[in-house]
Amino acid sequence: MLVLDDVTYTHPGQPAGYRFSMEAAAGTVTAVRGASGSGKSTLLDLIAGFLRPTAGRIELDGADLVALPPERRPISILFQSESLFEHLSAAENAALGLPPSTARAERDRQVATALAEVGLDGIGPQRSETLSGGQKQRVALARTLLRNRPVLLLDQPFSALDDDTPAATRPLVSTSMSRHGWITVLVSHHVDDIEVLARRVYAIENGALLREETTTAPR
């Protein structure tokens with residue numbers, strides 16, 4: 001369980017700050033919606049460690065994360081931009097999720113398995129610059145699979161895709177999250193993302209998180 005307990009933060013020069021409290025369980029998606037500028041990115045930056053709260057606790061299974069720098073937090077982030085190295089192949093980009101010490105044969109096996117899991121079987125040798133936006137985002141998801149961190153943050157991961165691609169990519173995220181038992185936090189202003197993926201929903205209003213009732217389970 002990921003718990004934010006009365007986490008507060010104020011950006012320099014900002015008249016009013018944020019106060020976040022929420023819970024996110026393993027194996028499900030917890031969504032946070034809000035207008036642009038409402039604090040969605042600030043929330044993810046606090047969880048990831050890019051910002052340090054002025055007060056409050058961020059706990060993962062009872063262990064406080066606040067003192068840990070970003071690189072030591074057991075967290076992966078999937079951004080709205082796929083963030084691939086264009087000059088590398090799909091397989092090479094995905095392999096960046098593995099420790100450098102991984103043996104070549106084991107690395108190749110794990111990369112092939114991860115790419116197949118996201119529907120890209122056989123695409124490993126292709127240079128990333130030749131891939132479609134949806135394929136690039138799936139490679140980024142494969143890299144996340146290989147990192148295998150217990151917490152996954154989704155920063156509007158489908159916003160940069162064309163109209164048809166999110167419908168095919170959302171189920172891959174949902175299936176992977178459930179299979180690996182990750183604690184997943186999704187921030188988005190797209191209703192479809194939240195309705196398809198989330199079991200628990202919060203809204204950011206006036207700098208605070210408000211729990212919403214969900215009427216449907218993810219499809």
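Taking CG of Leu209 as the reference point, atom OG1 of Thr30 lies at 11.0 Å (rounded to 0.5 Å). To the nearest 0.5 Å, atoms CD1 (Ile183) and CD1 (Ile47) are separated by 10.0 Å. Annotation: the span from Ile77 atom CD1 to Phe50 atom CZ amounts to 4.0 Å, rounded to 0.5 Å. Between the CZ atom in Phe20 and the CG atom in Leu4 there is a gap of 8.5 Å [rounded to 0.5 Å]. With rounding to the nearest 0.5 Å, the separation of CZ in Arg33 from OG in Ser38 is 9.5 Å.
By the salt bridge (charged side-chain N to carboxylate O under 4.0 Å, His left out) test, Asp6 pairs with Arg19, sequence neighbours left out. Pro15 is linked by a side chain to side chain contact (heavy atoms under 4.5 Å, CB included) to nothing, counting only residues two or more places apart in sequence or in another chain. Residues satisfying the side-chain hydrogen bond (donor to acceptor under 3.5 Å, both in side chains) test with Thr130, not counting sequence neighbours, are Gln126. Evaluation of the side-chain hydrogen bond (donor to acceptor under 3.5 Å, both in side chains) rule for Arg107 yields no partner, not counting sequence neighbours. With sequence neighbours left out, Ser128 forms a side-chain hydrogen bond (donor to acceptor under 3.5 Å, both in side chains) with Asn93. Not a single side chain to side chain contact (heavy atoms under 4.5 Å, CB included) links Ala112 to another residue, sequence neighbours left out. Not a single ring-ring contact (aromatic ring centres under 6.0 Å, His included) links Tyr202 to another residue, sequence neighbours left out. Remark: Pro150 engages Leu60, Pro74 in a side chain to side chain contact (heavy atoms under 4.5 Å, CB included) (not counting sequence neighbours).
Here the side chain of Thr28 pairs no donor or acceptor atom with the backbone of Ala24 at under 3.5 angstrom. Formation of a donor-acceptor pair under 3.5 Å by the Glu106 side chain with backbone atoms of Ala103 is not found in this model. For the pair Arg143 (side chain) and Leu96 (backbone), a donor-acceptor distance under 3.5 Å is absent.
For the side chain to side chain donor-acceptor pair (under 3.5 Å) condition, the pairs that include at least one residue of residues 45-55, sequence neighbours left out, are Thr8-Thr54. Applying the side chain to side chain donor-acceptor pair (under 3.5 Å) definition to pairs two or more places apart or across chains, those involving residues 67-77 are Ser76-Arg147. Applying the salt bridge (Lys or Arg N to Asp or Glu O under 4.0 Å) rule to pairs touching residues 113-128 yields Glu117-Arg179, Arg127-Glu129, sequence neighbours excluded.
Residues Leu145 and His180 have side chains in contact (heavy-atom distance under 4.5 Å, counting atoms from C-beta outward).
Residue Val111 comes nearest to Ala94 through the heavy atom pair CG1-CB, 4.2 Å, listed as atom of the first residue, atom of the second, then distance.
Cluster membership for Leu115 and Leu88, using ILVMFWY side-chain heavy atoms within less than 4.5 angstrom, is not shared. One hydrophobic cluster, built from ILVMFWY side chains closer than 4.5 Å, holds both Leu68 and Leu44. A continuous path of Ile, Leu, Val, Met, Phe, Trp and Tyr side chains, each step under 4.5 Å between heavy atoms, connects Leu43 with Leu51, placing both in one hydrophobic cluster.
Grouped with Val3 in one hydrophobic cluster are Met1, the linkage being side-chain heavy-atom contacts under 4.5 Å among Ile, Leu, Val, Met, Phe, Trp and Tyr residues.
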